[in-house]
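Values below: all heavy atoms of this structure, side chains included; hydrogens, waters and symmetry mates excluded. First the proteins, then the strands, lettered A, B, ... as listed; each starts at 1.
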Protein chains: 2
Amino acid sequence: MQIRAVDGIPEIRPGDDLAAAIGREADLDADVLCVASTVVAKATGRYADLADYEPSDRARSIADRIDRADPRFIEAVIQESEEIVLEDPFVLAVTPFGHVGVNAGIDRSNAPGGDILLLPEAPGEHAAALRDSLAAEGFEGGVIVTDTSGRPFRAGQRGVALGWAGLPACRDYRGEHDREGHELEATVEAVVDELSAAANLVMGEADAGRPAATIHGFEFGDHDESDRLFRDRETDFVRQALATFDVDSQR
Amino acid sequence: MQIRAVDGIPEIRPGDDLAAAIGREADLDADVLCVASTVVAKATGRYADLADYEPSDRARSIADRIDRADPRFIEAVIQESEEIVLEDPFVLAVTPFGHVGVNAGIDRSNAPGGDILLLPEAPGEHAAALRDSLAAEGFEGGVIVTDTSGRPFRAGQRGVALGWAGLPACRDYRGEHDREGHELEATVEAVVDELSAAANLVMGEADAGRPAATIHGFEFGDHDESDRLFRDRETDFVRQALATFDVDSQR
């Protein structure tokens, strides 16, 4: 399996034809194309200015509890979220498409067209649209819209998938057996996340100019498929535990 | 960057020379060698029989609350853990080397030499020992001992690093800036986890006979290094939240 950074993509601005910009530079003979959510967000104009957000009482209350927090920014996070999982010491939120991320994935460092850059509205639909556009140029692979994200238990960030099209999210090994005939314990493998992590290694920080990568020689293999990547609240005990957590009790 | 599964490694048994078995089949002109923790555990004889565990009161109490749980297995998990983060509906535990995993990573499906297969005792030391042995054959890269692990918020498992040697765990971007001069938000990238995820895509389930993979063309790059991969309790709010969580309150 080979992973290649796509070089030469120019800075993307609202209204730019992202598929064309990628298609000019990428080797379209790939099995998977990974595209950073930042450029999808930029192409679809997901910039915003903090001045446009009028902080609600909840935003003010949360901002009061977080060091150097801007209540307008917290309001933006609330508006971009379906649910707030943790209010402080940092805001962890569920986006409408199911991703759990700090500040609902809103980026403050990466927004030349405004104060902040929101996540793409529907990464799965953007992945499908990119795939359709590139199919016209002969691309037959899958598309993943990727992000970087922290996680519990482990330090640092790693690449993750926000949306995907043209490949399943997971290999489902349930019912398969190992060499000794034992049923496998690790039953579902989140391949779109693993592909995003692999791509992130060569993309580096998206604004180094490599907001896309192609993956060659990836085979999903003869396994069952699952397209469920985001846990729902009912089956996610960590999400439930955080909702009942009082950080002050730990201080 | 290229990722190649290492084919032809035979079933590993206690006392086998794992470095020799890998060295015979792997392309040692690699930047990184990923080795599944299962074969490290097998080579170092980390098999155990449930009959050897006498359940403590805590093990019995936990087993009572989990469907079809064997109190001897729960006792094994307790003995392999430094801390139990969550007791039910499943046991989430911190291993002595800092990894947080369900059942302390103990494998019930993959243990031809016993009822269960424990995780390697000190994956970082095993990675260093493997690296030293392979250096004698000309290998100059890093070694990662990998596992697959579930995670909060997202369904499915993905490859993660348990131990590593000869490369840093993380790229530290703190202080670096993007194209527009803004300081980067995603400040630490857990490259050993991303490499493990990439390797897992071609290793598949370890007992399909591909318990190792080599990575070629990986460059750490000119970044600061960090070797901290496992969060400690004090900075991990999820771990704190789970410790105070009562699952029955959610039912």
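- A heavy-atom distance below 4.5 Å is found between the side chains of Asp193(A) and Arg151(B).
- Using a 4.5 Å cut-off on side-chain heavy atoms (C-beta onward), Gln157(B) and Glu189(A) make no contact.
- Between chain B and the options Gly98(A), Pro152(A), Gly101(A), Ala198(A), heavy-atom pairs under 4.5 Å are most frequent for Pro152(A).
- Between Ala155(B) and Ala190(A), the shortest heavy-atom contact is O-CB, 3.8 Å.
- No part of Phe220(A) comes within reach of chain B, as not one of its non-hydrogen atoms sits under 4.5 angstrom from that chain.
- Interface remark: Val191(B) contributes backbone and side-chain atoms alike to the contact with chain A (heavy atom separation under 4.5 Å).
- We find the CZ-NE2 distance between Arg154(B) and His99(A) to be 5.5 Å, quoted to the nearest 0.5 Å.
- Taking Gly156(B), Ala169(B), Ala197(B) one by one and counting their heavy-atom pairs under 4.5 Å with chain A, the maximum is reached by Ala197(B).
- Side-chain atoms of Phe153(A) and Ser149(B), non-hydrogen and from C-beta on, never get closer than 4.5 Å to each other.
- Here the side chains of Ile3(A) and Gln2(B) are not in contact, with every heavy-atom distance at 4.5 Å or above.
- What you find for Arg171(B) and Leu201(A) is that their closest heavy atoms are NH1-O, 3.2 Å.
- Shortest non-hydrogen contact noted between Ala241(B) and Leu242(A) is CB-CD2, 3.7 Å.
- For the atom pair CZ of Arg158(B) and CG of Leu195(A), the computed distance is 14.5 Å after rounding to the nearest 0.5 Å.
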